[in-house]
**Student:** 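The structure that follows is given in the form of structure tokens.
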2 protein chains.
Amino acid sequence: MVVEIDGMQESNLLTTLEDIGLRKTSARVAVTAQIENTSDSFTAEQLCRDLPYVGRATVYRTIRHLVDAGALCKLPILDGAPMYSIARVEHHHHTICTKCGSVGEFRHTTVERVMRSLEKEIDGRITGHRMEIFIICSKCLAE
Amino acid sequence: MVVEIDGMQESNLLTTLEDIGLRKTSARVAVTAQIENTSDSFTAEQLCRDLPYVGRATVYRTIRHLVDAGALCKLPILDGAPMYSIARVEHHHHTICTKCGSVGEFRHTTVERVMRSLEKEIDGRITGHRMEIFIICSKCLAE
DNA sequence: TGATTAGTTGAAACCTAGTATCATTTAAAA
DNA sequence: TTTTAAATGATACTAGGTTTCAACTAATCA
């Protein structure tokens, strides 16, 4: 997601990093720009491959900063390397195709209502939840 | 879960392995017994520590067999090594204490109803779902 | 502006979790 | 009992990620 201000492109992710007191370095400009130009979700290794001139450690550190800041969302995957995508403001859940691994999003208010009704049943304080629907996506079904 | 038959203790997990055509070896007896004596969920590394005389490779292989056979359930955890627990017949979900990492279980019929209502919204065929409630457990709240 | 300094970088070493290899051992069929 | 295919486990390897630390640089200060 890139916001146009006075003809200058200003990166949301870069701004997030600056907002939490981190410096605007060329490595961070490159990493955040690459993430924003990636339409879909991505893995850390993918990002490293796309940015060979940025060190692995820096790529991983930048991802960690962005996840900690809430600007990136660590996607629920079945096995292997975690995937990330730019965090949306609204709360949502994920669909995961168990065949091709593609991750989708959905929102459903009933899920949130279920949460509230669970508060009585559960021994402790609810702080959050996560839900994944496993599917065979329409693309894989068509094959 | 251990079933008593004619005074002999017969392991369900071991039986599962034999049912899928695997041999009853001392290593498999040890691993399945250890899992059944573990009241809670466990990691592969924990099991290796508890069974120093069984090779790591064998412990991992046995867990894989049991998960593939559906007798063990790979629990959703936040980060790090996955946890396992003996699979229950009924479908259920998990509560995860984000402070101490303890995993609990709950069942809720509304969740299943939500699933059915989602079938229209989602582009693909639903094959399963998973839900995690993040909590601070009563034990951690008390501290 | 240039000097200062604390934050940042990246190569390399390390770590954790897990898998593959393969010579040796063993369960179980013949 | 012999046979043999399956299983084991020490070891090496891999993937994914973190730590270390000397060199570098952004941003502040004089």
Side-chain angles (χ1 to χ4, degrees), chain A residues 10-11 13-35 41-69 72-85 101 103, chain B residues 10-11 13-35 41-69 72-85 101 103:
Chain A
E10 197 50 28
S11 151
L13 295 181
L14 190 56
T15 306
T16 301
L17 295 180
E18 294 189 81
D19 286 350
I20 58 176
L22 300 174
R23 288 183 180 172
K24 178 177 179 171
T25 66
S26 59
R28 285 175 184 153
V29 170
V31 172
T32 53
Q34 180 63 37
I35 293 175
S41 53
F42 60 91
T43 64
E45 285 307 315
Q46 260 170 49
L47 215 50
C48 288
R49 273 199 302 281
D50 292 341
L51 301 164
Y53 42 87
V54 177
R56 284 170 51 73
T58 300
V59 169
Y60 276 96
R61 276 189 289 239
T62 306
I63 290 174
R64 189 143 34 99
H65 283 311
L66 290 169
V67 171
D68 289 349
L72 271 193
C73 177
K74 197 170 181 175
L75 297 179
I77 58 128
L78 300 172
D79 267 301
M83 300 202 79
Y84 301 89
S85 76
V103 176
Chain B
E10 198 49 27
S11 150
L13 294 183
L14 190 55
T15 306
T16 300
L17 293 180
E18 295 189 81
D19 285 350
I20 57 174
L22 299 175
R23 288 182 179 173
K24 180 176 180 171
T25 66
S26 59
R28 285 175 183 155
V29 169
V31 172
T32 53
Q34 181 62 37
I35 292 175
S41 52
F42 59 92
T43 65
E45 284 308 314
Q46 257 170 50
L47 215 50
C48 288
R49 273 199 302 282
D50 293 340
L51 301 165
Y53 41 87
V54 177
R56 287 170 48 74
T58 300
V59 169
Y60 276 96
R61 274 189 290 241
T62 306
I63 290 174
R64 190 144 32 100
H65 284 311
L66 291 168
V67 171
D68 288 349
L72 271 193
C73 177
K74 198 169 181 179
L75 297 179
I77 58 128
L78 299 172
D79 268 300
M83 301 203 76
Y84 301 89
S85 77
V103 176

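In what follows, every chain begins at residue 1, and chains take the letters A, B, ... in the order their sequences are listed. Predicted model only: the values in this text are computed from it and were never measured.
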**Student:** Return the value, rounded to whole Å, for the distance between atom NZ of K74(B) and atom C1' of dG18(C).
**Tutor:** 10 Å
**Student:** Which whole-number value in Å describes the distance from I63(B) CD1 to dT8(D) P?
**Tutor:** 13 Å
**Student:** Whole-Å distance between dT11(D) P and R61(B) CZ?
**Tutor:** 15 Å
**Student:** Of the nucleotides dA17(C), dT9(C), dA6(D), which has the atom closest to the E45(B) side chain?
**Tutor:**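 Looking only at side-chain atoms, E45(B) lies closest to dA17(C).
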**Student:** Figure out the CG/P separation between L22(B) and dT26(C), and round it to whole Å.
**Tutor:** 18 Å
**Student:** Any side-chain N or O of T25(B) under 4.0 Å from OP1/OP2 of dA7(D)?
**Tutor:** no
**Student:** Between C1' on dT28(D) and NZ on K24(A), what's the gap in Å once rounded to a whole number?
**Tutor:** 17 Å
**Student:** Output the rounded distance in Å from CZ (R49(B)) to P (dA17(C)).
**Tutor:** 9 Å
**Student:** With a 4.0 Å cut-off on heavy atoms, is A57(B) in touch with a base, just the backbone sugar-phosphate, or nothing at all?
**Tutor:** base
**Student:** Would you kindly give the CZ-to-C1' distance between R23(A) and dC24(D), to the nearest whole Å?
**Tutor:**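 Rounding to the nearest Å, CZ of R23(A) and C1' of dC24(D) are 11 Å apart.
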**Student:** Between Y53(B) and A44(A), which residue's closest nucleotide on DNA chain D lies nearer the 5′ terminus?
**Tutor:** Y53(B)
**Student:** Below 3.5 Å, does any donor atom in the side chain of R56(A) face an acceptor in the base of dG17(D), or the other way round?
**Tutor:** yes
**Student:** Does G21(B) or P52(B) map to a spot on DNA chain D nearer the 5' end, using the closest nucleotide for each?
**Tutor:** G21(B)
**Student:** Does OP1 or OP2 of dG17(D) have a side-chain N or O of Y60(A) closer than 4.0 Å?
**Tutor:** yes
**Student:** Show the nearest heavy-atom pair for residues Q46(B) and S41(B), with the distance to one decimal.
**Tutor:** OE1-O, 4.1 Å
**Student:** Examine distances only and state if a side-chain atom of R28(A) and a backbone atom of R23(A) form a donor-acceptor pair shorter than 3.5 Å.
**Tutor:**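 Checking the backbone N and O of R23(A) against the side chain of R28(A), a donor-acceptor pair under 3.5 Å is found.
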**Student:** With a 4.5 Å limit on heavy-atom distance, are the side chains of T58(B) and L51(B) in contact?
**Tutor:**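 No, every pair of side-chain atoms sits at 4.5 Å or beyond.
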**Student:** Mind listing the closest non-hydrogen atom pair of V54(A) and A27(A) along with its distance?
**Tutor:** CG1-CB, 4.3 Å
**Student:** Tell me which nucleotide among dG18(C), dA28(C), dA27(D) gets nearest to the side chain of Y84(B).
**Tutor:**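 Closest nucleotide to the Y84(B) side chain: dG18(C).
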**Student:** Check whether any side-chain heavy atom of T62(B) sits under 4.5 Å from a side-chain heavy atom of L22(B), and report yes or no.
**Tutor:**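 Answer no - side chains too far apart.
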**Student:** Mind calculating the distance between CE (M83(B)) and C1' (dT16(C)) to the nearest angstrom?
**Tutor:** 16 Å
**Student:** Can you tell me which nucleotide in dG9(D), dT9(C), dG18(C) comes closest to the side chain of A27(A)?
**Tutor:** dT9(C)
